[in-house]
Amino acid sequence: PQRPPRRYVLCEVLSDDPRCRQCIEERAVGLAVRDAIGRVHGDYGLACCSVSFTVKYLNAYTGTVLLRCRKDSYRLLCSALPFVRHLESRNQRYPCALNTLHVGGTIRTCQKFLIQYNRRQLLMLLQNCTNEEERQCIQKSLLSCSLTEEQSQSGDEEDDDGTE
């Protein structure tokens, strides 16, 4: 039996509170997203989204989160993400927001998008440099974020139906 097609939603956690980065953990993000879905779409929406919902990847340092859900419920998930207002960890609430960057059919398409997105962000930083030392630092970062062919051939991929 073929498994149902999935969607991967790439988000970034935005927060003014520097302590928020420390509390970003898969459990906290998953609970915050489920709570938002329940508030916005009720029990029905929560049940639809919960079937194969999971936090697939999380990078607390960059604030990048990759969520997975079934293809037929990704619109419910995406429409609830703006209602995530805080992450809770160790009985502390940290105000934040989730910004959706990309929705893809595979993890690889999300990875490729993220590389391009980070490259564009670094280019914007480069244009806003005030001195030569800053400029050289950012240029080094730009050169280090290139995807090589052998990296893209890694077997850590979950392909779905190939559509986006």
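Numbers here are sequence positions counted from 1. Owing to the predicted nature of the structure, the values given are computational and were not obtained by experimental measurement.
No continuous path of hydrophobic side-chain contacts links Val65 to Leu31 [ILVMFWY only; heavy atoms under 4.5 Å].
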Checking side chain to side chain contact (heavy atoms under 4.5 Å, CB included) for the pair Cys11/Leu81: CA distance, chi angles, key distance, verdict?
CA-CA 9 Å; Cys11 306; Leu81 290 176; 3.7 Å; yes
Please evaluate residues Leu66 and Val55 with respect to the criterion side chain to side chain contact (heavy atoms under 4.5 Å, CB included), reporting the C-alpha separation (whole Å), side-chain torsions for both, the decisive distance (0.1 Å), and the verdict.
CA-CA 6 Å; Leu66 186 65; Val55 178; over 6 Å; no
Steps toward side chain to side chain contact (heavy atoms under 4.5 Å, CB included) verdict (Arg108, Lys112):
CA-CA 6 Å; Arg108 183 173 292 144; Lys112 286 180 180 177; 3.9 Å; yes
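Annotation for Leu101 and Phe113: closest pair O-CZ, 3.4 Å, computed over non-hydrogen atoms. Taking both residues in full, the closest heavy atoms of Phe83 and Arg39 are given as O-NH2, 3.0 Å, listed atom of the first, atom of the second, then distance. A pairwise comparison of heavy atoms in Leu58 and Val29 identifies CD1-CG2, 3.7 Å as the closest pair. In terms of heavy atoms, Cys69 sits closest to Leu77 at SG-CD2, 3.7 Å. In terms of heavy atoms, Val103 sits closest to Cys78 at CG2-SG, 4.0 Å. The shortest heavy-atom contact between His102 and Thr109 is NE2-O, 4.0 Å.
We find the SG-CG distance between Cys110 and Leu10 to be 5.5 Å, quoted to the nearest 0.5 Å. Rounded to the nearest 0.5 angstrom, Phe53 CZ and Arg68 CZ are separated by 10.0 Å. Here the straight-line distance linking atom CG of Asp16 with atom OH of Tyr94 works out to 15.0 Å at 0.5 Å rounding. Note: Glu12 CD to Asn59 CG = 12.0 Å, rounded to the nearest 0.5 Å. Here Tyr74 contributes atom OH and Leu67 contributes atom CG; the two are 14.5 Å apart, rounded to the nearest 0.5 Å.
Side chain to side chain, His86 and Ser15 fail the donor-acceptor criterion of an N or O pair below 3.5 Å. Looking only at atom types and distance, the side chain of Tyr57 has no donor-acceptor partner in the side chain of Glu26 under 3.5 Å away.
Counting only heavy atoms from C-beta outward, the side chains of Lys71 and Pro4 never approach each other to under 4.5 Å. Counting heavy atoms from C-beta on, the side chains of Gln116 and Arg120 come closer than 4.5 Å. Looking at Val13 and Leu98, their side chains come closer than 4.5 Å, going by heavy atoms from C-beta outward. The closest side-chain heavy-atom distance from Ser89 to Gln92 is not below 4.5 Å. Looking at heavy atoms from C-beta onward, Ser79 lies in side-chain contact with His41 at the 4.5 angstrom threshold.
Other residues, nucleotides and ligands contribute more than 12 heavy atoms inside 6.0 Å of the CD atom of Glu132. For Asn131, the CG atom counts as densely surrounded, since its 6.0 Å shell holds more than 12 non-hydrogen atoms of other residues, nucleotides or ligands.
Side chain of Arg85 to main chain of Ala97: no donor-acceptor pair is present (N/O by atom type, distance under 3.5 Å, no hydrogens or angles). Listed for the Ser50 side chain is no donor-acceptor partner under 3.5 Å among the backbone atoms of Ala47.
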